[in-house]
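Note sheet for the following structure.
Letters A, B, ... are given to chains in the order of the sequence lines, protein chains preceding strands, and every chain is numbered from 1. Predicted model only: the values in this text are computed from it and were never measured.
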Amino acid sequence: MDQFYGIFLYIISLLTMGGIYAILALGLNIQWGFTGLFNAGIAGFFAIGAYVSAILTTAPSLRHLGGYELPYVVSFAAAMVVSGIIAWAVGKVCLKLRADYLAIATIGIAEIFRLILKNETWATNGPRGVSMIPKPFETLPEPWNHLCFLGLILAVIVVIYLLLETARNSPWGRVMTAIRENEKSAMAAGKDIEKFRMEAFVAGCMLMALAGAFIAHYLKFIGPNATDPLTSTFLVWVMLVVGGSANNRGAILGAFLMWTIWSASEILTSRLPDELAIRTAYIRIFLIGLALQIFLQRFPKGIFPEVRPKPERRQSVSDGVTDNATSR
Amino acid sequence: MMEFINFYLIPGLVLGSIYALGAIGITLTFSILRFANFAHGETMLLGVYITYSLVQFSGVHPLIALPFGALLTVIVVLGIDRAFYKPFRNSPTIMVVIASFGMMLMVRSMVQFIWGVQLKGMTQGIQRPMIFFDSLRISPKHITIIGAAIVLMLAVHYLLSRTKIGKAMRAMSDSPELAKLTGIDTEKVVRMTWIVGGALATAAGVFLAIDTHIDTNMGFKMLLPMFAAAILGGIGRPFGAVAGGLVIGIVEEISSYPWIGVEPLLNPGYKAGVAFAIMIGMLLWRPSGLFKGKVF
Amino acid sequence: MSNSELQTVLELDQIIGGYGDTQILHGVSMRVDPGEIVVIIGPNGAGKSTAMKAVFGLLNLSGGKVRLNGEDITNMPPDQVVHHGVCYVPQTSNIFPSLTVEENLEMGAFVRTDDFRPRLQELYDIFPPLAEKRRQAAGTLSGGQRQMVAMAKAMMLEPQILLLDEPTAGLSPKYRGEIFAIVKTVNATGTPILMVEQNAKQALKIANRGYVLVDGKNKFEGSGHDLLEDAEVAEMFLGGGAPP
Amino acid sequence: MSYMGKFLLAVSAVALAASTANAAEVKVGSVAGVTGPIAELVDPIIAARNLAAQHVNDQGGLLSGDTLKMVLSDSACDPKAGVDAGGKVVNVEQVVAVVGASCSGATNGMVQSVTIPAGVVALSDSATAPSISELKDNDLVFRVAPSDAYQGAALAKLAYDSGVRKLAMTYSNDDYNAGIAGVFEKEFAAMGGTITANQAHEPNKASYRSELSTLSNGGPEGIAIFAYYGSSGIAIIRNSLENGLFDRFFAADGMFDTSVIEQIGADNLRDRISITQSASDYADSSYQAFEKIFSATGKDPKAPYAAHGYDASFLIALAIEKAGSADRSKIAAALRDVASAPGEVVRPGEWKKAKELIAAGKDINYEGASGNVDFDGNGDVGGIYSVNVVGDDGKWALSLIK
């Protein structure tokens with residue numbers, strides 16, 4: 001009985017973390033899937049959200065800025081707003097860059113955020129992090145506390161999903177796709193590309209901050225190590241690519257699926273002799289990387305391929321050699 | 001003044017030479033294969049560990065093992081290109097960027113799996129610096145590193161300016177399309193790019209290991225400064241990358257010099273951020289870099 | 001009109017193709033005989049450059065044949081086509097700007113395994129300005145000189161045929177004349193040339209024969225002189241009126 | 001690649017083992033930062049935890065001869081992974097108690113969102129953040145690793161007592177070292193010493209020459225280093241010695257490893273370095289017992305927190321035995337019971353003796369390899385510290401700080 005109840009609790013935790021990652025993946029999907037912006041600094045915006053919400057809700061502490069004890073609604077909104085403002089500033093300077101440059105720039109910015117979180121001890125308690133963060137519904141009896149928290153996350157995902165689907169099928173979404181596919185022709189059609197890209201970047205980063213806020217309350221603790229690039233940036237990319245970029249259902253499915261594999265695979269490897277179990281921890285990381293490669297090569301569209309809002313046939317651009325082919 | 005030279009400028013120069021060697025590979029890959037190779041730091045990591053094993057196995061000096069380590073690393077890198085990058089030659093370059101992102105993880109985790117995560121040293125003990133003119137202090141290993149780096153840079157210069165394949169590399173970096181139309185064997189050029197990049201990355205890593213020690217995070221730690229150096233110098237400009245590497249290395253060190261008063265100008269906790277800040281600043285101010293590189 | 005089918009260097013036989021799903025060529029035929037300069041003219045979007053790219057394996061043909069000296073080279077990849085002795089000078093970015101003039105020519109000889117030095121000297125003799133600027137980065141040259149580099153680079157292989165895609169596009173009238181003179185010089189060394197041109201009048205003057213493409217199909221063909229004289233062609237492409 | 005072969009064999013073995021679940025098995029979670037920034041430190045700790053389990057199993061097993069099984073889970077030094085790892089061992093594996101996690105951050109997350117709500121005892125062997133003491137933990141969170149406060153003070157006293165009055169200090173900007181450094185700074189000043197300069201540094205940089213050069217201003221007599229030996233500590237000592245910037249080092253236990261001597265050379269360090277270690281009275285018979293058995297496994301018994309790892313596992317086993325059943329709710333009380341006086345002293349490796357005493361209804365008092373492990377009200381232990389210097393034999397020589 002205990003065994004089944006335990007597994008039930010574990011599944012709740014899988015869904016909770018998977019849900020938080022789904023929010024991250026949806027945020028990335030707006031940026032990469034719909035608009036073609038290569039954000040490799042997910043961890044940075046995730047961290048901003050986590051710290052803002054943590055600092056606004058904790059009780060007074062000598063170790064870090066805090067003591068505001070604001071309601072969650074306020075802290076979550078603040079997390080998103082702060083992240084949105086920072087994203088706007090970052091976007092202002094970085095969005096003009098081509099995808100590769102944007103990737104390098106964002107990865108650099110995320111590292112700078114991390115250094116700030118580690119060094120500005122007065123606000124963040126530096127590397128020791130913010131502890132005793134309240135968690136919604138934690139006063140309810142088990143398992144209702146876990147279930148309600150999960151329910152909240154799932155509800156948020158549904159809302160985001162519906163919003164994004166509406167947006168995707170709106171003229172805004174079609175312009176986004178046009179920008180991703182062919183920037184020049186979109187520009188020629190008189191669209192203010194920079195503005196659209198900025199909107200997508202800011203919206204995506206706000207979702208990442210929302211996910212960050214959830215993680216801070218879920219863990220009840222946030223420190224710089226919780227925002228390392230491996231699990232906060234890279235894993236999200238794998239989730240989106242595997243699930244199917246430019247497809248919101250794909251992003252959500254990819255997140256739940258990859259998190260389950262990431263987490264549950266250890267239950268198996270922990271049964272190995274320890275010397276091997278220690279080493280196989282690295283094999284798990286290797287396999288995640290390999291999964292990405294396999295999907296990129298064999299199933300580049302992911303599990304749920306992109307579904308176009310409106311089937312409009314677009315002339316596919318053939319290889320670069322023929323770029324100026326259609327002229328004259 | 002001598003303190004500034006001994007403890008800020010010279011370390012900056014050593015670090016800068018190491019960044020420079022790594023950045024050459026990045027700038028060549030970026031301009032010839034047209035993608036930002038996120039796995040370059042891990043190529044360096046792999047090269048260091050392979051060389052380390054050779055040193056352990058044979059007991060020779062790391063610099064003697066280096067060519068063989070580089071050779072083995074290059075073989076692995078060529079295999080990686082064949083299996084993971086080549087399928088995307090005709091796809092949007094961003095696919096390869098993502099693939100290299102994945103490769104970064106795969107190589108690092110493999111190194112951790114095979115060699116474990118225990119700290120290792122290429123050389124043991126300490127080396128006291130030689131003292132010139134009563135006050136200039138340079139450690140012999142630093143002279144070795146800077147000297148070897150200069151030799152390698154000259155070799156790269158010779159390759160690119162005097163040999164047919166080197167000229168073809170520059171040609172392809174100018175225009176891959178025209179290179180194809182001209183009949184240049186672009187696959188051969190790509191292979192050469194990996195050979196040069198892989199070998200230099202190994203050298204950079206081994207030099208770093210001689211100066212400090214070996215650990216499995218060194219690849220990622222070096223990646224961003226190397227990117228910064230490549231962008232600062234201008235993509236496709238190997239000598240720009242060298243200059244960029246030296247600038248980043250030196251600025252990183254002197255940023256914490258007590259220019260004003262006795263406190264470091266920049267809290268050394270932020271030292272790692274200097275390279276990123278320079279890089280981002282450069283991307284904004286002048287994406288083509290100091291030496292008018294390419295902007296894609 | 002032609003002296004012998006056997007001697008034809010390059011032949012396009014009813015080729016059909018385009019990019020992706022968009023078909024541009026709807027059955028284009030043409031040929032180049034030894035020693036000839038052949039010019040393709042036509043309105044924008046007629047498929048002139050596309051026809052040339054078809055020769056070079058840069059687009060997938062769904063029908064028709066391309067033959068070089070009677071050998072089928074349809075849909076052969078570009079690097080192979082080069083090996084067969086066809087050189088192509090694209091309209092834009094046809095030189096390696098950061099390489100010196102000499103290095104550009106050397107790259108032109110990439111597929112050669114023998115000593116290319118004598119050939120290099122021959123080309124310097126044909127293009128004296130290039131000899132003068134051999135150590136200069138090609139990107140720093142004037143537009144006309146760049147075209148020279150591009151053509152000389154292509155000529156390094158001593159090709160069976162040279163394909164030029166609008167060599168005078170974007171050049172001032174003064175340079176245009178120079179380029180046409182160069183084309184004639186090159187041709188005089190015995191290399192047949194197939195050329196797409198916007199400046200139809202001048203081009204036809206130096207051409208042995210010409211083709212007029214409209215909407216991806218052959219519209220007219222004839223000797224350069226005949227086309228210049230043709231009232232309809234003149235009206236459509238030569239800026240009105242028959243030449244004096 | 002023999003590992004691959006072993007790996008495949010082991011996978012098939014696991015598949016077999018899983019199908020024949022052993023009813024007489026008591027599981028204890030072993031959560032550690034297997035991957036991540038301190039992976040290199042964790043290896044010997046896990047080995048020590050497992051050694052304790054092996055002693056239990058070799059000397060009669062738990063309760064009625066049940067096997068003690070340590071279930072390893074990776075907390076990666078990351079709170080996200082820590083919570084996930086804790087959830088897996090607590091819920092899926094249904095462990096009786098948890099040893100771990102390694103890093104303070106991961107421990108903080110894991111205990112707050114998993115083990116405390118689930119009513120499971122977590123006993124960390126290396127988390128030292130003071131904030132863990134402050135948690136409302138229903139007496140479910142214990143540590144055999146002393147809070148930073150103790151070691152910072154101990155090192156300050158050591159430095160002061162050695163006659164040094166002016167010190168520079170630098171700390172690696174991570175959760176462990178920043179904490180100890182903060183306490184050290186306060187304590188050393190309170191004793192009347194002067195900190196001439198105090199700088200954080202970012203780990204894993206190639207060179208620390210410029211930082212050290214700045215730190216050497218103001219006439220310090222030495223430098224206190226708070227860092228892990230691998231990520232920056234060795235580089236700092238090497239840079240200091242090579243350039244003659246500092247030749248007297250005080251360091252906390254993140255710096256303690258045999259590779260420091262291997263890398264720098266014993267002669268270069270002799271009379272120059274003193275490292276406190278929250279370890280153990282090395283003269284104590286408990287530690288010696290541990291040293292003997294642990295050395296036999298080929299691991300370094302002096303590795304940071306290895307002794308603590310052993311004690312943590314052994315204590316949990318004792319608590320289960322004392323509680324008389326693998327019942328989560330009884331562990332906390334039993335743990336306090338077996339860890340402190342009164343009772344007959346039990347030392348590392350003496351499972352058989354302990355089992356017999358418990359069976360006879362007698363009180364026991366485990367005196368660990370890492371110290372006396374008497375828990376205070378917060379579930380913390382006071383620090384016993386040794387100071388380590390380089391001995392004549394070129395190895396670490398230790399003495400207890402009184």
Rounded to the nearest 0.5 Å, what's the gap from CZ on C:F56 to NZ on B:K180? Could you check? 12.0 Å

Passing candidate, side-chain contact (heavy atoms from CB on, under 4.5 Å) with B:L181, options C:S93, C:P90, C:C87: C:P90

Is there a side-chain contact between B:I184 and C:F96, using heavy atoms and a 4.5 Å cut-off? yes

Any Lys/Arg nitrogen of C:E106 or B:K164 sitting under 4.0 Å from an Asp/Glu carboxylate oxygen of the other? no

Tell me, do B:L178 and C:K153 make a side-chain contact under 4.5 Å, heavy atoms counted? yes

For each of C:D79, C:V81, C:V82, tally heavy-atom pairs with chain B at distances under 4.5 Å, and name the one with the top tally. C:V82

Considering residues, nucleotides and ligands other than C:Y124, do more than 12 of their heavy atoms fall under 6.0 Å from its OH? yes

Within the structure provided, determine whether C:L99 and B:D174 are in side-chain contact (heavy-atom separation under 4.5 Å). yes

At a heavy-atom distance under 4.5 Å, which candidate from B:S175, B:G183, B:A171 has the highest pair count against chain C? B:A171

Please check if atom CZ in B:R82 has more than 12 non-hydrogen atoms from other residues, nucleotides or ligands closer than 6.0 Å. no

At what distance, to the nearest 0.5 angstrom, does OG1 of C:T100 lie from NZ of B:K167? 7.0 Å

Determine, stepwise, if the pair B:R170 / C:M107 fulfils side chain to side chain contact (heavy atoms under 4.5 Å, CB included). CA-CA 10 Å; B:R170 282 161 59 216; C:M107 284 300 107; over 6 Å; no

